[in-house]
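Scroll down for the structure; my scribbles are underneath it.
Keep in mind the model is a prediction, meaning the values are calculated, not measured.
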Amino acid sequence: MRLICLLFLIASLSGCYQNKALTQNTLIYCTDSQPASFNPQISDDIASLDATTHQIFSRLVKIDSKTNEFVPDLAKSWERSDDKLRYRFTLRNNISFHNTDYFKPTRFLNADDVLFSFNRMRDVMHPYHTVNNQAANYFYNHPFTDLLSAINKIDDHTVEFVLSKPDVTLLANLAAHYAVIHSKEYGKQLLKEGHPEKIDFQPIGTGPFKFKSFDNNGTIRYTKNALYWQSMTNIENLIFFTNPSATKRYTKLLSGECDAISYPAASQLETISQNKKITLNSKSTANISLWAFNTKQDKLKDAQVRQALAQAIDTETILNAVYFQSAIQTETLLSKQSWALKPRFDNDLYNPEQAEQTLQRLDFDFTQTLRILLPNGADVFNPNFHKTAELIQANLSAIGVKSSINNLSETAIKNKLHSGDYDTYLTGINVHINDPDSIFRPLLSCNSTPDTGNSSNWCSINTQVLLDQSLTESNFAQRIKNYYHIQDDVFKERPYLPIAHVLRLDAISKSILNVEVNPLTGINFQNAIKQDLN
C-alpha cells in the first residue's frame, strides 16, 4: 500500500512538473479578431499583421525600434547608386525556410525568393499575382508597381532594385509589412500540387515561429523555429486565441489563461493601469481620423469657410465620447512620433464664437444644409462614425449651420466620392510605412483622387512641388523643411480637420518580457521571455 502511494505521489509530481514546463514554454495571446489570411502582402488588417509579419516572416530590412533607423534583416547590407535609381542588396547566407509537415525545403534562401515575392505583387504575369485576388485587398494597391521598374538577380545572394525615378522611400517600403519574403520553392510545389491558394493560408517563411494550425474557433498554433538565424526566445509554443469579447479576454488575462490580450475595452483601461501584475502597452499610431471638406463644392471653396467650420468642432469632446482613452487628440496630419512633425503654435482651433462671426462676415448662406457623408459601421481609425457625425452636427448647429448625416454602404460611398456629390466626408487613413509621404501624398497630391485618398479634392501646385521634391531629396534636413512648408499650407487652407490619432493597446502579464509592438507592422514575440513570478 505504501509503495502504491509513493508511486502515485511520484506520478503526481511528475505531472505537475510537466504541466509547469508546458506552461512556462507556451505563450498565449488572446486577440479580438481572426486574421483575414496568413500573408501580409494581401491582408493589412491588424489581426493578419499580428499573426504574420514578425512571427512567420522576415524582410530585407527593418526599423530599429529604439533608434528608428533602417537596419539589416535578411539583407546584411545595401548600397545606392550615384543616380539614386539603383539599390543593391546583399543577402545573408544560410537562412533556412520553415521545415513543416507540408513543406521540406531543399535549399537556403536566395535571390530567387526575393524576386518571387516582389514580382508577385508587381508582375501581372506572375503565376501567383491573381491567386486569392480580392478587389479590396491592399495587395493590389501596394506602392511597388509605380516605385520599381525592375528587380534584377545579380547572383544567388545579390539583388538589385531599379526605381522608375529617384525615390527615397524605398527602404521604408521594404521595411513595411507587405515586403515579406516567401519561398519560391514552396510556391512551385503548390503549383505542381494544384493548390496555389495555400500559400496564403499555410504559410512558409524564415521567421522565429513556424505555422502549425488554424482551426474553426480562430485558434492559431505556432512552434518555435529551431533554425531561426537570430536570437531566440524560451517560448516553444505560441498560441493566438480569438475572442471578440473584451470582457472575456480580460478575465482570461486575470486568471492566467491568457498571457497577453489585444485591445482591452476603454472601460478596463483605468483598472488595468492600476494592476501591478499587468503592463498596459500603449503605442501611438500614425492612423488618423479626419473630417474632409470637398473643396470643389461652391460652399466650401473658400479656405476661410473651411477654417471657420473646423473652429466650430470640439474635437476634445469627440475624443472623450467616441475614443475614450484609445486615441490622442490631434491638430495635425502627422503623429507626434513623426520626425517631420512641425509643432503648432496656434491654440485657437476650437472657437465657436469666432467661427460664427467669420461665417457671418463672409455672408455664408445659413439656409443651406451641409451634408456629412460617412460609412456604415466602424474602422480602425474610428470606432463609431455615426456618433462622431452626431457630435459634429451638434457643434455646427450651435453656430447656426444646418447639416445632414448620410450613412452609406461601401459601394454607395465610392459612387459618391467618384461623382463628387458630397460636401464633407468622415474618413481617415491607415498608414503602412514610416515616412511622411505615405500620409501626405494620398491626402494632398493633385494626382490623388477621392478613391485613392484625396477626399478633399484639394490641389495646391506649391504642395505638389514640395511632395515631389521630397521624394528625391537625400538631404534629410531639407526634407524636413519641405514637410514643414506642406504642414503650413495645409493648416492655412484647411482641406481636412484632423480629429484623432489612434492608439494601439495591448495588456500584457508582467511575467512576459521583451514583447515589442510596432504600430505599423504588428506585435512581435521574437524575443519574448516568460518568467515564473510565483
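His129 approaches Met121 most closely through the heavy-atom pair CE1-O, 3.3 Å. A pairwise comparison of heavy atoms in Ile439 and Ala286 identifies CD1-CB, 4.2 Å as the closest pair. Contact between Ala51 and Tyr222 at its shortest, heavy atoms only, is O-OH, 2.7 Å. Across all their heavy atoms, Glu197 and Asn132 have their closest contact at O-ND2, 3.1 Å. Considering all non-hydrogen atoms of both residues, Phe116 and Ser183 come closest at CE2-O, 3.8 Å. Listed here is the closest heavy atom pair of Tyr496 and Asn454: OH-OD1, 3.3 Å.
Between Arg504 and Asp506, at least one side-chain N (NZ, or NE/NH1/NH2) sits under 4.0 Å from a carboxylate O, which counts as a salt bridge. The pair Asp451-Lys414 does not meet the salt-bridge criterion, since no charged nitrogen lies less than 4.0 angstrom from a carboxylate oxygen.
Looking at Asn119 and Tyr128, their side chains never bring a donor and an acceptor atom within 3.5 Å of each other. In the model, Glu257 has a side-chain atom that pairs as donor or acceptor with a side-chain atom of Ser255 under 3.5 Å. Side-chain contact annotation: Thr424 with Trp291, donor-acceptor N/O pair under 3.5 Å present. Residues Ser37 and Asp200 bring no donor and acceptor atom of their side chains to less than 3.5 Å of each other. Side-chain contact, Asn518 with His54: no donor N or O sits under 3.5 Å from an acceptor N or O. Side chains of Tyr323 and Ser289: a donor on one and an acceptor on the other come within 3.5 Å. A donor atom on one side chain and an acceptor atom on the other are not found under 3.5 Å apart for Gln531 and Ser511. Between the side chains of Thr206 and Ser58, at least one donor N or O sits under 3.5 Å from an acceptor N or O. Side-chain atoms of Glu193 and Gln189 form a donor-acceptor pair, as typed in the model, at a separation below 3.5 Å. Looking at Asp435 and Ser438, their side chains never bring a donor and an acceptor atom within 3.5 Å of each other.
In this structure, the side chain of Thr452 does not engage the main chain of Ser448 through any donor-acceptor pair within 3.5 Å. A distance-only check finds no donor-acceptor pair linking the side chain of Lys252 to the backbone of Cys30 [under 3.5 Å]. Panel note: side chain Asn225, backbone Lys210; no donor-acceptor pair is recorded below 3.5 Å.
Checked against a 6.0 Å centroid threshold, the rings of Phe211 and Phe38 count as neighbours. Here the two rings, on Phe144 and Phe118, have centers that are under 6.0 Å apart.
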message: ring-ring contact (aromatic ring centres under 6.0 Å, His included), that's the test. Do His182 and Phe57 meet it? Break it down for me.
response: CA-CA 8 Å; His182 290 261; Phe57 295 104; 4.8 Å; yes
query: Checking ring-ring contact (aromatic ring centres under 6.0 Å, His included) for the pair Tyr29/Phe525: CA distance, chi angles, key distance, verdict?
result: CA-CA 10 Å; Tyr29 180 50; Phe525 293 108; 5.4 Å; yes
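Counting non-hydrogen atoms of other residues, nucleotides and ligands closer than 6.0 Å to CD of Gln230 gives a total above 12.
The only option from Asn287, Val431, Ile288, Leu334 that meets the side-chain contact (heavy atoms from CB on, under 4.5 Å) definition with His501 turns out to be Ile288.
Every residue was checked against the ring-ring contact (aromatic ring centres under 6.0 Å, His included) condition with Phe209, not counting sequence neighbours, and none meets it. Evaluation of the side chain to side chain contact (heavy atoms under 4.5 Å, CB included) rule for Asn415 yields Thr411 as partners, not counting sequence neighbours.
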